[in-house]
There are 2 protein chains.
Amino acid sequence: MSRTQGDTKSKIIDLGEKLLLGKGFNGFSYADIAISLGIKNAAIHYHFPCKSDLGLAIIQRARERFKKWGANKETEQLPDRERLDSFFQIYRHYLTKRESVCLSGALETDFTTLPKPMQEETRGLVYDLLTWMEIFLDQGRKRGTFSFPGTPRDQAIIVLAVMQGGLQMTRVTDQSVFDLAVSQIRRLLKP
Amino acid sequence: MSRTQGDTKSKIIDLGEKLLLGKGFNGFSYADIAISLGIKNAAIHYHFPCKSDLGLAIIQRARERFKKWGANKETEQLPDRERLDSFFQIYRHYLTKRESVCLSGALETDFTTLPKPMQEETRGLVYDLLTWMEIFLDQGRKRGTFSFPGTPRDQAIIVLAVMQGGLQMTRVTDQSVFDLAVSQIRRLLKP
DNA sequence: GTCTATAGGGGGATAGAC
DNA sequence: GTCTATCCCCCTATAGAC
């Protein structure tokens, strides 16, 4: 059987994600994707009738990816601090490979202009991240790996905000700003 | 002399800022402003020939505002921790009065799509914020008001990233998230 | 599944009257 | 300073051929 559809479809999501992260949801068009993939505008509409369908697919795939990362046997068995670094690496990759901010940050700033289904999916994404981090920090503190005041939820909010804000700030200054942010948040978690 | 111009012009900047913070630079149009102010599209172009002229004016005014805030005699003489809270209040106001994210965060996510002059002004804004916070934290630590590992610059990055990311996250969850972020960053600075 | 062609709307921006 | 009128481009989306 042909896998032309599957290939094109995932190429569109790949590129759509890159454009979304790089330019915001209102900053790219089907034409950008079409030109870059060497196909026509209408071909994209065949796979994703509305732009919000594409946006939704991008967020859903990212949530699945994170879910798999969290459930990965190798990752799961790492020592807490290495697992933390592995989490930070997700954000570092946004910076190095895609020259972009993170998905939650991009979607949150565009939030008010997003169609309802994308808003809901964005909420889900942020919920996933917050929940994972909260549980992770809670376990880590109980084991003595991490130390921080307040509740695990308080600290989870801080850690995610730093990743998100750090990626954005680094975009207008220089790469070192994000790396300094990561180093500092690591220090702040030291027992 | 008539002050019609001055009035309209600053009303445009006011509304433009609100829209920029609420919907992103690519998320609002001259028509939004025109309708809301009860004037016509062309009237805005009289004051700001290009949209980037308006964007530039918004950022420049915000920088002036922050400069004045920093140089304000009353603010300057406050104890460090009250001055820190006064800084946090700037961000809290974005949330309560404008239902929006902060200016640097909004501009950074749209950054790649912004005209050059706006990019440069955005860099300046972030530089202002980072520099002020770095000096403030440095002095505070020397006085024993604040405690944190790493350099003042490291910590300044973290604090700003938390404000920025916190405002964005709170938009898709609930207001408490931003307040929890502020409480937590205050705790993390405790001696 | 992808194409050509095109509809239909909104965007930024300008010309010229008042 | 503000208006009416209009241009032109880009955008999302659809219809129908291949």
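These values consider heavy atoms only, across backbone and side chains, with no hydrogens, waters or symmetry-generated copies. Order of the sequence lines sets the chain letters (A, B, ...), proteins ahead of strands, with each chain counted from 1. Since the model is a prediction, treat every value here as computed from it, not as a measurement.
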field: For atom CG of B:Leu19 and atom P of C:dG11, their distance in whole Å
entry: 12 Å
query: Quick one: is C:dT2 close enough that its OP1 or OP2 comes under 4.0 Å of any side-chain N or O from A:His47?
result: yes
field: side-chain N/O A:Ser29 vs D:dC10 OP1/OP2, d < 4.0 Å
entry: no
statement: Which of C:dG12, D:dT12, D:dT2 is nearest the side chain of B:Ala43? It is D:dT2
query: Which nucleotide in the list D:dT4, D:dT12, C:dC3 gets nearest to the side chain of A:Ala42?
result: C:dC3
task: Check every strand shown and say whether B:Phe28 touches a base, only sugar-phosphate, or nothing at a heavy-atom separation below 4.0 Å.
output: sugar-phosphate
message: Could you check whether A:Glu17 pairs with A:Arg61 (Lys NZ or Arg NE/NH1/NH2 to Asp/Glu carboxylate O, under 4.0 Å)?
response: yes
Separation of atom CD1 in A:Ile44 from atom P in D:dA13, rounded to whole Å: 11 Å
message: Taking 4.0 Å as the cut-off, does a side-chain nitrogen or oxygen of A:Lys51 come that near to OP1 or OP2 on D:dT12?
response: yes
statement: From CG of B:Leu37 across to P of D:dC3 the rounded distance in Å is 10 Å
query: Can you tell me if A:Asn26 and A:Thr113 form a side-chain donor-acceptor pair at under 3.5 Å?
result: yes
- request: Would you mind telling me which of D:dT12, C:dC3, C:dG12 lies closest to the side-chain atoms of B:Asn41?
  value: C:dG12
- request: Write down the distance between CD1 (A:Ile33) and C1' (D:dA13), rounded to a whole number of angstrom.
  value: 14 Å
- request: Check the angle between the aromatic planes of A:Trp132 and A:Phe136 and answer parallel, tilted or perpendicular using the 30° and 60° thresholds.
  value: parallel
query: How close or far is atom P of D:dT4 from atom NZ of B:Lys40, stated in whole angstroms?
result: 5 Å
Whole angstrom value for the distance that separates C1' of D:dT12 from CG of A:Asp32: 13 Å
field: Note: B:Lys142-B:Asp138 ion pair, threshold 4.0 Å (strictly below)
entry: yes
query: Between atom CG in B:Asn26 and atom P in D:dT12, what is the gap in whole Å?
result: 12 Å
query: Taking CD1 from A:Ile12 and C1' from D:dT12, how many angstroms apart are they, rounded to a whole number?
result: 15 Å
query: Any ion pair linking B:Arg186 and B:Asp85 (charged N to carboxylate O, less than 4.0 Å)?
result: yes
